Amino acid sequence: MASTTLVNTADAAELRLVHFLGDHDATSPFVISCESAITQTNSAALLTTIVNHQPAFDRLISDDEGIGAFSLLASLLDRVHDAAQAQEIMKGLVGAVEAANANESGNIEETSSSVTVKSKIDMLCALYNLRAGSEKCWILARIFNLAAFSGDEASILTLLPGRKSTLGQLLEGTNLERLLMEFDTDGSNVKEEDQRALYSVATKVVEKVAQVCKEKDMENEAATAESAKQRFLLKILSTYSSTSNVDDEARSAAKAAALGSIRDPVTLFYEQRIIMSLPPVAALKKSDPDVYELLEIFQQGKLEDFQSFLQANPTALSNNNISEDNAIRHMRLLSLCSLATEHEEIPYDAIATTLQVDQSVVENWVIDAVASGLLSAKMDQLQHVVMVERCVVRRFGIEQWKILQERLSMSFPQDMRMIDASCSDRVRKVTAPTAACML
């Protein structure tokens, strides 16, 4: 007995769809099987028959009406009431679309590659719009994957954050995270492992985009994609709640994120401040102690700590493809930030000593720190003093609390006197007219 019911729409749309997919051959076994499923009102059988007939999807991809026909096909999933069966068929639909018009080696034919990829993406987007929750999450990952690894360069570049394409915009900033939050608000249950899988695909996708940009000498775009990759790695790690559920995938992502933070600790400074608190990163202390120690230095150490590490681990940078020149430059900038959080006014010679540079280039380093958004300060070139207005905080431990307490204790009495004077002045202005009226 049929487990689901297929309700015919006006003008027997399903029959027309079947004949379209069967190339209008009414005597083919495919068409006959589909007609039998329609007669028996068995939508699951109909969809399964279509999914297992790859030529139907080759026709969908190559025909101008293919996207509309696929949308009708996808809508029939709502008539499969067994959730597990519907999900299996849904994944079969996606797989059939991905495999359409492939050559014997499984690769998309080079002719009209961009058009083919776009048609496939449009079809999967139609299916995405009809599903919910974790299924949306899974389909979106397949859409990203198709665009990035189809072999079509134009499709790959549409994923570049900042290009204002729909897919590219999803990979910008926190847009993907917000989309997942929307899935949750509509009553869908998107599990951590579903989010993790999507972030994992997004990581691989932007890595591919960065690779293509580098090959085309698009250095700025490549840097943007690399930053997006680092952001998604951090999102993957945030889906692990404790070290007890850290697996090989988590350790691999943690090491990649740690190295990304070491190579560029500035661009995503605020996002990366949480990295030491993430369980998979904490697990690196055992699995990759050198990487963990180096990351710890870049998060809260100074240049002298970095140099001590290099003396003890001379091959650590080369083994992990880290530029020593870039690492020293970043450590000098970060060391300057640490110094700025400890003092409101810093003599040039103190900066030169901390950064291990000549005093003549101190101003250049301050300018670099300001340009990087790490510091806001003024320089007194006559007194040779840097006056700190604002500085990023690399860590906030007991020493930082003591500094804050000291500064508040110094400014609080003066601030209270100013507030008291201001209040008294306001009271006088308010009561003066009243007194005049009483006379």
Side-chain angles (χ1 to χ4, degrees), residues 2-7 9 13-14 17 37 41-52 57 60 66-100 118-148 158-159 165-205 232 235-236 238-239 241:
S3 60
T4 54
T5 301
L6 177 65
V7 180
T9 58
E14 291 82 7
L17 173 63
T41 65
N42 191 335
S43 54
L46 173 61
L47 286 166
T48 301
T49 301
I50 294 173
V51 164
N52 292 328
F57 292 87
L60 282 172
I67 296 172
F70 181 81
S71 297
L72 174 58
L73 183 63
S75 69
L76 297 180
L77 273 172
D78 288 338
R79 298 172 187 172
V80 181
H81 302 305
D82 183 296
Q85 187 178 29
Q87 187 174 82
E88 182 181 353
I89 294 172
M90 179 275 294
K91 291 185 175 182
L93 284 171
V94 173
V97 169
E98 291 173 334
K118 184 179 184 305
S119 295
K120 291 183 177 185
I121 290 175
D122 288 344
M123 288 181 186
L124 295 189
C125 286
L127 179 60
Y128 168 89
N129 289 329
L130 293 172
R131 309 311 292 168
S134 61
E135 289 190 358
K136 270 184 177 287
C137 205
W138 186 85
I139 296 168
L140 182 57
R142 300 311 306 170
I143 292 171
F144 280 140
N145 198 68
L146 178 60
T158 62
L159 297 167
S165 69
T166 301
L167 293 178
Q169 286 178 334
L170 281 178
L171 296 172
E172 290 180 22
T174 59
N175 289 345
L176 195 57
E177 182 181 8
R178 288 202 294 267
L179 180 65
L180 287 172
M181 291 173 64
E182 289 177 13
F183 291 169
D184 283 334
T185 57
D186 68 8
S188 305
N189 180 24
V190 182
K191 299 177 182 178
E192 283 188 343
E193 51 264 36
D194 297 325
Q195 298 180 33
R196 188 181 304 149
L198 180 57
Y199 286 137
S200 180
V201 169
T203 301
K204 294 182 178 69
V205 163
F232 288 129
K235 289 300 179 186
I236 292 172
S238 68
T239 64
S241 55

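Being a predicted model, the structure only gives us computed values, none of them experimental.
Closest approach of V201 and A141 over heavy atoms only: CG1-O, 3.4 Å. Contact between L167 and A147 at its shortest, heavy atoms only, is CD1-CB, 4.2 Å. Of all heavy-atom pairs between S71 and L130, the closest is O-CD1, 4.0 Å. Across all their heavy atoms, K136 and N129 have their closest contact at NZ-CA, 3.9 Å. Contact detail for V190 and S134: the closest heavy-atom pair is CG2-N, 4.1 Å. Smallest separation of non-hydrogen atoms from D194 and C137: O-SG, 3.5 Å.
Judged by distance alone, with hydrogens and angles left aside, the side-chain atoms of S200 form no donor-acceptor pair with the main-chain N or O of R196 at under 3.5 Å. Between the side chain of T174 and the backbone N or O of E177 there is no donor-acceptor pair closer than 3.5 Å. Counting only distance, with no hydrogens or angles, the side chain of S75 and the backbone of L72 share a donor-acceptor pair below 3.5 Å.
Rounding to the nearest 0.5 angstrom, the gap separating the NZ atom in K118 from the CG atom in D122 is 4.0 Å. Note that the CG atom of L124 and the CD1 atom of I67 stand 10.5 Å from one another [nearest 0.5 Å]. The CG atom of L179 sits 8.0 Å away from atom CG of L198, with the distance rounded to the nearest 0.5 Å. Here the CD atom belonging to Q85 is positioned 9.0 Å from the CG atom belonging to L47, to the nearest 0.5 angstrom. Annotation: the span from M181 atom CE to Q195 atom CD amounts to 10.0 Å, rounded to 0.5 Å. The distance from the OH atom of Y128 to the CD1 atom of I143 is 7.5 Å, given to the nearest 0.5 Å.
Between L180 and F183, some side-chain heavy-atom pair lies under the 4.5 Å cut-off. For the pair K204/F144, no side-chain contact is recorded, criterion being any heavy-atom separation below 4.5 Å from C-beta on. Contact annotation: the side chain of M123 never approaches that of F57 to less than 4.5 Å [non-hydrogen atoms, C-beta and beyond]. The closest side-chain heavy-atom distance from L93 to L73 is below 4.5 Å. Residues L176 and F232 are in side-chain contact: their nearest non-hydrogen atoms beyond the backbone lie under 4.5 Å apart. Between L76 and I50 the shortest side-chain heavy-atom distance does not fall below 4.5 Å. For the pair V94 and W138, the minimum side-chain heavy-atom distance is below 4.5 Å. Between D78 and R131 there is a side-chain heavy-atom pair separated by less than 4.5 Å.
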task: Begin from the C-alpha positions of L170 and L140 and carry the test side chain to side chain contact (heavy atoms under 4.5 Å, CB included) through to its verdict.
output: CA-CA 10 Å; L170 281 178; L140 182 57; 4.0 Å; yes
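Comment: E14 engages R79 in a salt bridge, judged by a side-chain N to carboxylate O separation of less than 4.0 angstrom.
Counting non-hydrogen atoms of neighbouring residues, nucleotides and ligands closer than 6.0 angstrom, the CD atom of E172 exceeds 12 such neighbours.
Of the options T48, D82, L46, a side chain to side chain contact (heavy atoms under 4.5 Å, CB included) to I89 is made by T48 and by none of the others.
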